[in-house]
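Structure first, commentary second.
Residues: numbered from 1 along the sequence shown.
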Amino acid sequence: MSGIESGVDTPPELSGRETWRALHRHFRPHRRVVALGAFLALVGAATGLAQPLAAKALVDRLGEDGSITGILLLLTGLVLFGTAVESVGSYLLERTAESVVLAARRTLIGRLLRLRLPEVERTQPGDLMSRVTSDTTLLRAVTTQSIVMAATGGLAFVATIVLMGVMDVVLLGVTLGVIVLIGGAVALVMPRIAEATRRSQEAVGEISTVLERAFGAFRTVKASGAEERESAVVEAAAQEAWRHGVRSAKWQSVASTSVGLAVQVSFLAVLGIGGARVASGAISVSTLIAFLLFLFYLIDPVSKLVNAVTQYQVGSAAVARITQAERLETEEESLVDPAGVIPAGAGGAASVTFEDVTFRYREDLPYVHHGVSFEVPGPGMTAFVGPSGAGKTTVFGLIERFYEATGGRVLVDGKDVRDWPLATLRAAIGYVEQDAPVLAGTLRENLVFAAPDASEEAIRNVLLRSRLDGLVARLPDGLETLVGHRGSKLSGGERQRVAIARALLRGPRLLLLDEATSQLDAVNEMALRDVVAEAAREVTVLVVAHRLSTVTLADRIVVMDAGKVRAVGTHEQLVAEDPLYGELAATQFLASAR
């Protein structure tokens, strides 16, 4: 399944400069600790460089029949000191790497939860989750270890080459010739590593997307006998991730083993040519031994350089995906202005006006609203009716600023919603969605989700009003009972009552109900209808309704059809004057009669 098919765009190709800027942004807050880790790594490398020189002195001392105890103690001390210093440096870098991942996840999570709704609808949630989890994990190495390995490996490489040149320029030329030859071949595989890693991460995101889809409709999957088919889809995505992961591993193994190959070939060449130079008297045996030790020591800095480049290629793929998520459009950040939130019951019922509003979800899609205009003074109840697809629910989305009107104006209290601080606007609105979502957690957590500071008295009151008091009495742990994933332990009607209670507990100035009683039985519907009617005396209530029993209670009814307002009036007026409303009303009469 391609990125386009799954609703996920292909990550943008970042230039080397853009990739470095993105990496530096993650690395910069920790630069001092990373610098300390790099310094300790350099100290450890320096002790390693001293060991071949000490070995040369040891061989020379043996040739002179001198004491070697001091040199052996020096070598032992160098090994222990170098190991201890490198261990401390490694711990600092590992700890910093985890801090980089934590900071990246905090930033990304904060942005993703502020995404504009159209962005979320264009992108699969599972893929977004994989960017927070697996993609940020790849930042561990590239933002700390890769940078440090490149720096320390490069310095150690240069220092080793200089010392080898001091030992013998001819043997150094032989060594560099082999390294350059094999290094050129390694450079060719680096882009392949980046591409394979990018595709592997995309496949991991696809696994999350498919699993999220399956678990989101778990009962439907089981009821449809679709377990094997869904498993096959997940397995296909896992197979794709495996295939690209293996490809990346293959090229990484080629890169890493090339280091050993370069050293082995260099060793054979140096051993042959160096032996000849010893025989000719050009260099001493101790010089050849020290040079060979430097050659083997060269494995470490060269390996660090290769690993640094490899991890950079792997990290650049993750950075591209993280950067794409960071470029998604987010909503404004604003604090609630207390002056803009007037408590319900204190003359604070909000008015709503649509002035010739046009709207479409994307430029390539047809318009949903074609010049919608109406005015709703507060308080009171206004019902929106019309055929499916008339644009009724979209009215609520525009009021909440989930979407921005393409043309015209949406006014709340005579003020364009785009001029309201977003948090202040939404703090004044209680909204019950059509599917009445309930979050995993306790019943109490769901009730106070929009009003975390609600008092116990307010909670008890809203439980009585929404007919949830009986449910709470039956639950084993009362309000502390876990409701399951998406409220799976509650019935559809109970979930709707929880959603309504959550909205009422907020004490809104404007209450938006999108088919809020569709899953309730007749008794509970009548009870909640009375609750809504009572709330409408103090606040403005807008309701999308298909049941005639709800519509007839409204102070005014807005009839919508094909994205336009065709009539506004009372039930009696519209039955007499509007054929579409008359047809809808007659149909519902017949439905209730059956």
Side-chain angles (χ1 to χ4, degrees), residues 110-122 327-363 365 367-382 384 391-433 450-452 503 506-514 535-536 538-544 556 558 560 563-565 568:
R111 286 190 62 85
L112 293 183
L113 290 178
R114 294 197 312 273
L115 287 179
R116 292 184 56 79
L117 198 58
E119 295 284 18
V120 177
E121 292 171 343
R122 282 196 293 265
R327 289 176 178 175
L328 295 176
E329 189 178 359
T330 59
E331 293 180 332
E332 66 190 54
E333 286 189 83
S334 61
L335 299 176
V336 176
D337 179 7
V341 184
I342 305 174
S351 64
V352 177
T353 305
F354 272 49
E355 294 181 349
D356 197 28
V357 172
T358 60
F359 173 73
R360 57 181 174 179
Y361 288 97
R362 290 203 312 264
E363 292 184 359
L365 295 177
Y367 278 91
V368 177
H369 282 179
H370 304 270
V372 172
S373 296
F374 62 83
E375 184 174 352
V376 178
M381 182 193 302
T382 299
F384 291 81
K392 304 183 296 296
T393 298
T394 304
V395 168
F396 290 1
L398 293 173
I399 294 173
E400 283 271 16
R401 280 191 66 192
F402 295 149
Y403 309 100
E404 301 287 354
T406 308
R409 294 198 304 164
V410 178
L411 308 175
V412 172
D413 283 346
K415 182 177 180 180
D416 195 314
V417 291
R418 287 170 290 198
D419 297 331
W420 281 82
L422 190 57
T424 301
L425 174 69
R426 290 180 181 165
I429 300 174
Y431 179 43
V432 180
E433 300 177 55
R506 195 173 201 187
R509 300 177 53 207
L510 175 61
L511 184 60
L512 308 179
L513 305 175
D514 191 355
E538 300 177 339
V539 302
T540 304
V541 178
L542 306 186
V543 55
V544 173
R556 71 191 56 79
V558 178
M560 298 188 67
K564 295 181 179 179
V565 174
V568 179

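Across all non-hydrogen atoms, the minimal contact from D514 to F396 is N-CE2, 3.9 Å. Pairing each heavy atom of A536 with each of P379, the nearest pair is O-CB, 3.4 Å. The two residues R418 and A405 make their nearest non-hydrogen contact at NH1-O, 4.0 Å. For E538 against A349, the heavy-atom pair with the smallest separation is O-CB, 3.4 Å. Summarising the geometry of A350 relative to L510, their closest heavy-atom pair is CB-CB, 4.2 Å, with the distance given to 0.1 Å. Here the closest heavy-atom approach between residue M560 and residue F384 is recorded as SD-CD2, 4.0 Å.
Using a 4.5 Å heavy-atom cutoff, the side chains of F354 and I399 are in contact. Taking 4.5 Å as the limit, some side-chain heavy atom of R426 sits within range of a side-chain heavy atom of F402. Counting only heavy atoms from C-beta outward, the side chains of I429 and V412 never approach each other to under 4.5 Å. Contact of the K392 side chain with the V558 side chain is not registered, since no non-hydrogen atoms from C-beta on lie closer than 4.5 Å.
Here side-chain hydrogen bond (donor to acceptor under 3.5 Å, both in side chains) pairs that include residues 348-358, with residues two or more places apart or in two chains, are E355-R409.
Going from atom CZ of R114 over to atom CD of E329 covers 12.5 Å, rounded to the nearest 0.5 Å. Note that the CD atom of E119 and the CD atom of E331 stand 11.0 Å from one another [nearest 0.5 Å]. One finds the CZ atom of R116 at 12.0 Å from the CG atom of L328 (value rounded to the nearest 0.5 Å). Atom OH of residue Y431 and atom CG of residue L513 lie 10.0 Å apart, to the nearest 0.5 angstrom. One finds the OG1 atom of T382 at 11.0 Å from the CG atom of L512 (value rounded to the nearest 0.5 Å). Interatomic distance, CG of L117 versus CD of E400, reported as 10.5 Å (0.5 Å rounding).
With T406 contributing its side chain and R360 its backbone, the two residues share a donor-acceptor pair below 3.5 Å. Of the possible donor and acceptor atoms, none in the side chain of R556 sits under 3.5 Å from a partner among the backbone N and O of G380. With D413 contributing its side chain and K415 its backbone, the two residues share no donor-acceptor pair below 3.5 Å.
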With side-chain contact (heavy atoms from CB on, under 4.5 Å) as the test, would you mind laying out the steps for V352 and V395 before giving the verdict?
CA-CA 11 Å; V352 177; V395 168; over 6 Å; no

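Scanning for ring pair (Phe, Tyr, Trp, His ring centres under 6.0 Å) contacts around Y403 gives F359, Y361, with sequence neighbours left out.
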